[in-house]
Amino acid sequence: SAVISQKPSRDICQRGTSLTIQCQVDSQVTMMFWYRQQPGQSLTLIATANQGSEATYESGFVIDKFPISRPNLTFSTLTVSNMSPEDSSIYLCSVEGRTNTEAFFGQGTRLTVV
Amino acid sequence: QKEVEQNSGPLSVPEGAIASLNCTYSDRVSQSFFWYRQYSGKSPELIMSIYSNGDKEDGRFTAQLNKASQYVSLLIRDSQPSDSATYLCAVFLYNFNKFYFGSGTKLNVKP
C-alpha cells in the first residue's frame, strides 16, 4: 500500500481566509483524489487530480473555491478558498493503489472555520 | 438512486458473534468492490477487496460478492470490541474512473 502524508492534520481558520492542504505520496501515482467528509457522513468526491492536466471537479465543486495543484506524480495540494463555517469538514487525500484500483487515504485534515 | 447503498445502523452485536454488513450497488459494470473500516476521527482503512463472485476470506473477515444481485457483504467472525467502527462499502467504476462510497454502517460490538 502507498504511504500518504497529509498536512496539516487540523486547523482552525477565520472565515474569508484560505487554507492549503498538502498531500505527499511515497511512490508515483497516476490519480489522486480529494474528498470531503462532513460529520457523520460518507465521503464526497471533490475532484480528481492527474499530473499534467487540470483537475476534474465533481458536481457542486468549482475550481475557484477548491483550486488544486498536481505538480508531479507524488504531490498534490487542495486549497479551500474564502472559507465559511459551512466548509468545516474533514478533507481527505486519496490515491489509487499499485494494483487492482484500491484507494488509500491520508490521515485527513480536520478543518474548522470560525 | 445512489450508486452504493448501506444500512446506516447502528448494528449491535455481542462480543464473539458474527457481524454481517451489507451493501448494494446500482451500476452493473462495477468490477471492483471494497470494504473500509473507519474509526471515529480517523481516515478510512482498507480491510477487504473483492473482484469476482463468491467468497473471499482474510482472517476473521469474509467478503461475499453476488454480481447478479448487485450485492456485496462483509462478515466479521468472532467480533471484538475493537471492531466497533463505521464500515464503508465502495465500488470502483472503470467507465467513470472513480470510487463511489456508501454512507457507512456503524458497528457496535458489546463486551
Side-chain angles (χ1 to χ4, degrees), chain A residues 1-10 21 23 25 29-51 53 55-61 78 88-112, chain B residues 2-10 21 23-27 29-52 56 58 61 63 65 72 74 85-108:
Chain A
S1 64
V3 176
I4 306 166
S5 175
Q6 186 175 339
K7 294 189 286 189
S9 59
R10 59 177 62 227
I21 303 168
C23 181
V25 190
V29 294
T30 303
M31 297 171 65
M32 296 180 78
F33 305 91
W34 288 97
Y35 291 88
R36 182 172 72 184
Q37 187 175 32
Q38 295 181 311
Q41 304 294 315
S42 189
L43 306 173
T44 300
L45 181 63
I46 298 171
T48 303
N50 293 325
Q51 194 268 337
S53 62
T56 303
Y57 289 83
E58 297 299 304
S59 176
F61 297 96
L78 169 75
S88 298
S89 189
I90 296 172
Y91 292 83
L92 291 155
C93 166
S94 174
V95 303
E96 218 180 356
R98 292 190 182 90
T99 61
N100 297 322
T101 69
E102 298 99 337
F104 298 100
F105 291 87
Q107 304 93 322
T109 297
R110 182 179 295 272
L111 170 63
T112 302
Chain B
K2 292 182 179 179
E3 288 81 6
V4 181
E5 300 213 40
Q6 294 180 255
N7 187 321
S8 62
L21 304 164
C23 172
T24 58
Y25 59 94
S26 60
D27 195 317
V29 301
S30 302
Q31 291 185 315
S32 300
F33 307 86
F34 309 93
W35 283 100
Y36 288 83
R37 177 176 62 199
Q38 187 173 26
Y39 292 113
S40 181
K42 301 293 186 182
S43 60
E45 171 193 11
L46 178 67
I47 54 172
M48 288 288 286
S49 58
I50 187 166
Y51 308 99
S52 56
K56 179 182 177 182
D58 184 0
F61 299 99
L65 175 61
V72 58
L74 179 70
T86 296
Y87 289 80
L88 300 169
C89 174
V91 303
F92 185 80
L93 298 185
Y94 287 93
N95 49 333
F96 293 107
N97 216 22
K98 62 183 179 182
F99 297 88
Y100 288 90
F101 287 85
S103 57
T105 299
K106 187 175 176 62
L107 173 66
N108 291 327

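Sequence lines set the chain letters: A, B, ... in the order given, protein chains first and strands last, and positions in each chain run from 1.
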What part of A/Gln6 gets closer than 4.5 Å to chain B, counting heavy atoms only: side chain, backbone, both or neither? neither

Applying ring pair (Phe, Tyr, Trp, His ring centres under 6.0 Å) between A/Tyr35 and each of B/Tyr100, B/Tyr36, B/Phe101, report the one that passes. B/Phe101

Taking atom NZ of B/Lys98 as the centre, does the number of heavy atoms from other residues, nucleotides or ligands within less than 6.0 Å exceed 12? yes

Are any non-hydrogen side-chain atoms of B/Phe99 and A/Leu45 less than 4.5 angstrom apart? no

Heavy atoms, side chains only, cut-off 4.5 Å: are A/Ser42 and B/Val4 in contact? no

Please classify the contact between B/Gln6 and chain A as side chain, backbone, both or neither, with a heavy-atom cut-off of under 4.5 Å. neither

Identify the heavy atoms of A/Phe105 and B/Pro44 that sit nearest to each other, and give their distance. CD1-O, 3.7 Å

Please find the pair of heavy atoms, one from A/Glu102 and one from B/Ser49, that lie closest to each other, and give the distance. OE2-OG, 4.2 Å

Distance from B/Ser8 atom OG to A/Gln41 atom CD, nearest 0.5 Å? 10.0 Å

